[in-house]
Each structure stands twice: as C-alpha cells, then as structure tokens.
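Working notes, structure below.
When a ligand or atom number is given, it counts from 1 through the structure's own listing order. No experiment lies behind these values; they were computed from the predicted model shown.
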Amino acid sequence: MQNKETDILIIGAGPAGMVAAMTAMQNNPTKQVMVIKSYEKAQVPCGIPYVFGKTLGTIEKNAMLCGSSPIADMIQKITDTVHRVDIENKTVTALNHTIKFDKLIFATGSVPFVHKNFKDGLALENVFTIDKEYHKVEKLKNYLEEKEKVIVIGDGFIGVEMATELASGGKDVTIVGGRHVLGGSFDEDMAIKAEEMMKNLGVKLALGQHAKHITEKDGMATGIELCDGTLLEAEVIIMATGYEANTTLAKEAGLKLARYNGIWVDEFMRTKNKDIFAIGDCCGRRDFITRDPSKVMLASTSAAEARVAGSSLYKIKHMKGFTGTIAIFSTMIGNRAFASAGVTEKRAIEENIDYISGFFEGMNRHPGTIPDASKQSVKLIAMEDSGQIIGGQVIGDKEAGEIINIIGLAIESRLTLHSLISLQVATQPLLTAAPTTYPIVMAAQIALNSSH
Ligand SMILES: Cc1cc2nc3c(=O)[nH]c(=O)nc-3n(C[C@H](O)[C@H](O)[C@H](O)COP(=O)(O)OP(=O)(O)OC[C@H]3O[C@@H](n4cnc5c(N)ncnc54)[C@H](O)[C@@H]3O)c2cc1C
C-alpha cells in the first residue's frame with residue numbers, strides 16, 4: 001500500500017475528470033493535482049459506436065489519448081480503483097494506495113442502465129450493454145466479428161449510432177424502440193426523417209412496441225419478444241437503454257444524493273461539503289428550462305460542469321455557475337446530421353408551456369446549385385409571450401452540428417426571437433445559406449408571424 005498526498009484529487013478520468021484536472025491546474029498553478037482512474041487504457045466514449053462499423057473500424061483508433069502539454073504533464077495520474085472515501089479525515093483508499101487530499105472531485109461517471117425485465121438476460125453470453133471500459137468494448141467487438149443478426153434495444157442516439165454503424169459493416173440489424181427513433185429529442189416531423197435515413201442504410205425498424213423480454217434456449221439468447229407478442233430473432237442483443245449515475249462510493253461516504261441517484265450539487269458543483277465536488281454523469285442534474293431533476297448524460301455537459309468545478313475549488317471566481325442542462329447534442333445518420341437542444345414541442349405541451357414554433361427548410365449554400373448544396377431544416381421553439389428561445393432542432397449537412405450550438409447559446413443566454421431576426425451572420429456561397437434566407441433567422445421570423 002502506497003501513501004500519497006495531494007491538494008486536489010479527482011476520482012475518474014473520463015471527459016469530466018480530465019477537463020476538471022486541466023482547469024484546476026490552470027486556476028491553481030501552485031497546487032498539486034492528482035487523478036485516479038480504474039483503468040490504464042480508455043476509449044473516447046462518444047467514439048465507441050464507430051469502432052463497430054466502417055467509420056473507425058478498430059478499437060485502437062478510438063483510444064483516449066490524454067495528450068502532452070506543460071499543464072497536462074503536471075497532473076499526476078494513478079491507475080487504481082477507489083473503494084472508500086473518508087470525508088472527515090480527507091482520505092481516499094484504493095486497492096494499492098491511500099491518498100490524503102484537501103479538495104476532492106467525484107467524476108465517477110455512469111454505468112449502463114438495464115430495465116429489471118432484462119437484468120437476467122445480461123447473464124447470457126450473447127447479450128451486451130454498451131460499456132465505456134476498454135476491455136468491454138473489445139469483448140463486444142470480438143464477439144460481433146462472426147455474427148450476422150443483431151438486435152439493438154433503445155431508440156436514443158446511442159442505439160441509433162450503434163445500429164447504423166453495425167449496418168454499415170454489413171450486419172443484419174433491427175432497432176427496437178418507442179414510437180420514433182430519437183423521439184426524446186425530436187418532434188415527430190423531424191424524427192421520421194431520421195427513420196427514413198436509417199431504413200435507407202438497411203436498418204430494420206421495430207418501433208411502437210416495446211421489448212417485453214429476452215427469449216432464450218440452452219443458455220443463449222435467441223431474440224426478444226415484443227409487447228404485442230411478436231418474436232424477433234437475433235444472434236446478438238445489444239442493450240442501449242440508457243445509463244445511471246455511478247454513485248456507490250459517494251453514497252457510502254455519506255454524501256446526499258439527488259433524484260435519479262446523482263450526487264447532489266449546487267450551481268458551482270459543490271456538495272453540501274465545500275471541499276467535495278461532483279461533476280459529470282455522477283452528479284445530480286437539473287433541466288435548464290424547468291429546473292426539474294434531469295437524466296440527461298452528455299460529455300459536453302460533463303465538460304462544462306468540470307470547468308465550473310475546476311475554477312471554483314478554492315474561491316468562486318466567476319458568477320456563472322452551471323445553471324442546468326439544455327440537453328444539447330447532435331448525431332449523424334448516413335450523410336445527414338440531426339441536432340437538438342432544449343425542449344421539443346411535444347415536451348413543451350407536456351410541461352404546459354405556452355409556446356410558439358417556426359420551421360424553415362432551405363439550402364445550406366447559395367445559390368442552391370453550388371455542387372455540395374443540400375437541404376437545411378431548422379425548427380425553433382419559443383415562449384409565446386416573451387419570445388424567449390427554449391428549444392431547437394436542426395437537420396442538415398455536417399454544419400448542423402455547429403448550427404445547434406448557436407441555438408444552444410441562444411437558449412442559455414435567454415435570447416428571444418426578436419434578437420435572432422436581426423442576427424448578423426457571415427454568409428458566403430461556398431460555405432453557408434443565403435443571407436436572404438438564413439434558416440435560423442427564417443425560422444425565428446416564421447415563429448413570430450405565427451403568434452399574430
Ligand atoms: C456509446 C456512447 C456514445 C456517446 N456519445 C456521446 C456524444 O456523441 N456526445 C456527448 O456529449 N456524449 C456522448 N456520450 C455520453 C458521454 O460519454 C458521457 O456523458 C461521458 O462519458 C460522461 O463523462 P464522465 O467523465 O462524467 O464519466 P465517464 O466517462 O463514465 O468516466 C468515469 C471515470 O471514472 C472512473 N471511475 C469510476 N469509478 C471509479 C473508482 N471507484 N475508482 C477509480 N476510478 C473510477 C472510470 O474508470 C472513468 O475513468 C456517449 C456515451 C456512450 C456510452
């Protein structure tokens with residue numbers, strides 16, 4: 001057992017832990033920063049689906065490299081698994097280390113969530129979850145090598161990415177989910193476009209009937225039964241049914257948990273103890289619009305929280321804390337990007353929000369005869385009275401991934417439709433939509449017109 005001491009200790013080296021370590025080092029150059037993580041080798045979590053198909057094709061290409069820079073080199077890194085945190089004595093005990101700390105950040109992330117109906121199925125050799133650990137990604141990749149028929153359960157972006165990547169590699173893939181794929185983040189009119197793309201890529205859709213249970217024979221899964229009794233056969237079943245906060249350590253240390261079991265934190269990512277912070281998928285999140293507890297788990301959200309924590313360890317330096325998740329993300333299906341932020345129309349109705357919306361479909365170049373021009377669709381959702389932007393969805397070429405970030409900034413900055421209609425944008429024929437029909441501006445104008 002080795003005894004160590006540090007000023008700032010971070011448990012976990014996922015996106016949250018690594019960004020927190022860098023930010024803590026930049027903000028506190030005289031302090032020692034140490035990161036402890038369970039595994040030496042790690043995968044870029046967001047790149048995992050792409051090792052299973054044609055895009056990356058190998059696990060090695062998705063290795064998470066911490067990189068070398070003067071700041072990164074100053075961070076001490078230990079590979080070991082923490083099994084006890086003693087908050088009173090400011091000590092962490094791992095299998096081979098005892099570490100004393102002054103400030104501690106929990107960045108222990110999340111683990112796959114599996115519904116109780118499927119938990120038993122996980123013991124079967126050919127049923128998998130999508131884990132972030134290197135050796136588990138490798139195990140699934142190797143197992144899939146000789147297999148043909150795959151069922152992916154889960155219609156969220158991870159299920160969609162897994163299904164389309166596997167299909168791109170030649171597998172016979174069926175995705176099983178709710179009414180629509182990506183239905184949690186896109187309204188029906190947008191989600192059906194994702195489904196069309198998936199069908200074109202050869203993915204079979206089994207939507208509208210939830211999976212009831214896994215069927216098995218001689219210790220192997222043979223497929224699944226849907227709620228309406230339909231039987232689907234498969235050689236491999238992949239569960240993409242969400243993630244849950246990994247908070248056993250924090251709970252055992254006596255920290256307060258929020259709803260959905262994330263570690264309770266304030267806007268500066270502090271727990272009830274001002275020397276203990278929590279960030280990333282392991283912390284309790286709130287929704288930016290409603291302030292309700294949120295289950296959203298994203299690397300981008302985790303990195304934002306990490307920057308807040310890393311700069312608030314000794315003193316709160318910036319008034320802007322983390323004010324809630326806007327659930328902003330994007331994904332690619334074939335050659336189309338699907339991106340979403342904030343609330344959908346469906347959710348606005350469920351939340352009893354008095355909203356208006358505007359949808360515009362134009363071209364992403366001008367004139368539309370430019371060789372790589374393609375359609376760009378933008379939907380904006382705003383409060384009826386004030387015009388404050390509360391949501392947006394974009395479908396388009398790769399730049400949709402950045403257009404949603406403009407909408408995200410508008411949501412977080414509480415901009416209104418009126419600010420967007422006079423937005424100054426750089427436009428250029430080979431790069432962007434036309435200044436006369438810039439889709440975000442047009443969608444804002446259409447939303448405003450709809451309120452008259
Ligand atoms: C397949 C997939 C695709 C995704 N794609 C996207 C995407 O495109 N965009 C996006 O924004 N998000 C995406 N996400 C979500 C994103 O990966 C997570 O939100 C992000 O990884 C959370 O980061 P984190 O650092 O909080 O936790 P994690 O990445 O879960 O890291 C947790 C860390 O804690 C360590 N740890 C845990 N317990 C201990 C312990 N007891 N002792 C020592 N170390 C410990 C682990 O080893 C690990 O280093 C994706 C997730 C998956 C699974």
Side-chain angles (χ1 to χ4, degrees), residues 9-21 34-52 62 64 66 77-85 92-97 99 104-113 128-137 140 152 154 156-163 165 185 238-253 262-263 269 278-283 285 295-306 309 325-332 337-341 401 404-405 408:
L9 178 62
I10 298 158
I11 310 176
M18 288 319 293
V19 172
M34 187 185 282
V35 175
I36 182 163
K37 55 180 175 149
S38 293
Y39 300 100
E40 187 58 44
K41 283 208 232 170
Q43 287 276 285
V44 175
C46 312
I48 290 171
Y50 302 104
V51 311
F52 294 102
N62 190 43
M64 182 137 92
C66 290
K77 294 156 198 112
I78 292 181
T79 303
D80 201 349
T81 297
V82 176
H83 56 81
R84 185 161 178 263
V85 177
V92 152
T93 311
L95 299 175
N96 302 309
H97 297 85
I99 309 163
L104 178 69
I105 304 180
F106 279 87
T108 47
S110 57
V111 289
F113 166 81
F128 293 83
T129 50
I130 309 167
D131 289 70
K132 288 171 267 180
E133 290 162 21
Y134 192 99
H135 65 279
K136 290 192 178 165
V137 178
L140 175 55
V152 176
F157 75 94
I158 295 176
V160 166
E161 288 172 3
M162 278 299 284
E165 270 300 301
S185 334
I238 299 175
M239 312 284 304
T241 47
Y243 292 79
E244 58 189 337
N246 178 17
T247 47
T248 313
L249 261 186
K251 195 175 166 193
E252 285 171 3
I263 303 168
M269 313 316 294
I279 54 172
D281 285 2
C282 71
C283 75
R285 289 183 168 136
K295 283 187 184 173
V296 166
M297 290 191 181
L298 289 165
S300 50
T301 312
S302 303
E305 292 162 341
T325 174
I326 59 167
I328 184 164
F329 84 98
S330 44
T331 189
M332 259 335 250
F338 289 77
S340 163
I404 200 67
N405 291 337

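In terms of protein heavy-atom proximity, atom 13 (C) of ligand 1 is nearest to Cys46 SG, 3.3 Å. Distance from atom 3 (C) of ligand 1 to its nearest protein heavy atom, with residue and atom name: Pro45 O, 3.4 Å. The protein non-hydrogen atom at the shortest distance from atom 38 (N) of ligand 1 is Asn246 ND2, 3.5 Å. Regarding atom 35 (C) of ligand 1, its nearest protein heavy-atom neighbour is Gly12 CA, 3.5 Å. For atom 42 (N) of ligand 1, the closest non-hydrogen atom of the protein is Val82 N, 3.0 Å.
Here Lys132 pairs with Asp281 in a salt bridge; the nearest charged N to carboxylate O distance falls below 4.0 Å.
Side-chain rings of Tyr134 and Tyr39 stay apart, their centers remaining 6.0 Å or farther from each other.
A pairwise comparison of heavy atoms in Ala303 and Val19 identifies O-CG1, 3.7 Å as the closest pair. Scanning all heavy atoms of the two residues, the minimum distance from Ile328 to Asn405 falls at CD1-OD1, 3.6 Å.
In this model, no donor atom of one side chain and acceptor atom of the other lie less than 3.5 Å apart for Thr81 and Lys37.
The protein does not reach atom 46 (C) of ligand 1 closely, with no heavy atom under 4.0 angstrom from it.
Residue contacts with ligand 1: Ser38 is placed with a nitrogen or oxygen under 3.5 Å of a nitrogen or oxygen of the ligand (distance criterion only). Residue Lys37 has no nitrogen or oxygen atom sitting less than 3.5 Å from a nitrogen or oxygen atom of ligand 1, judged on distance alone. The shortest N or O to N or O distance between Ile11 and ligand 1 is not below 3.5 Å.
In this structure, Asp80 counts as a contact residue of ligand 1, since one of its heavy atoms falls inside 4.0 Å of the ligand.
Residue-level proximity to ligand 1 for Ile158 is carried by the side chain, the only part with a heavy atom below 4.0 angstrom.
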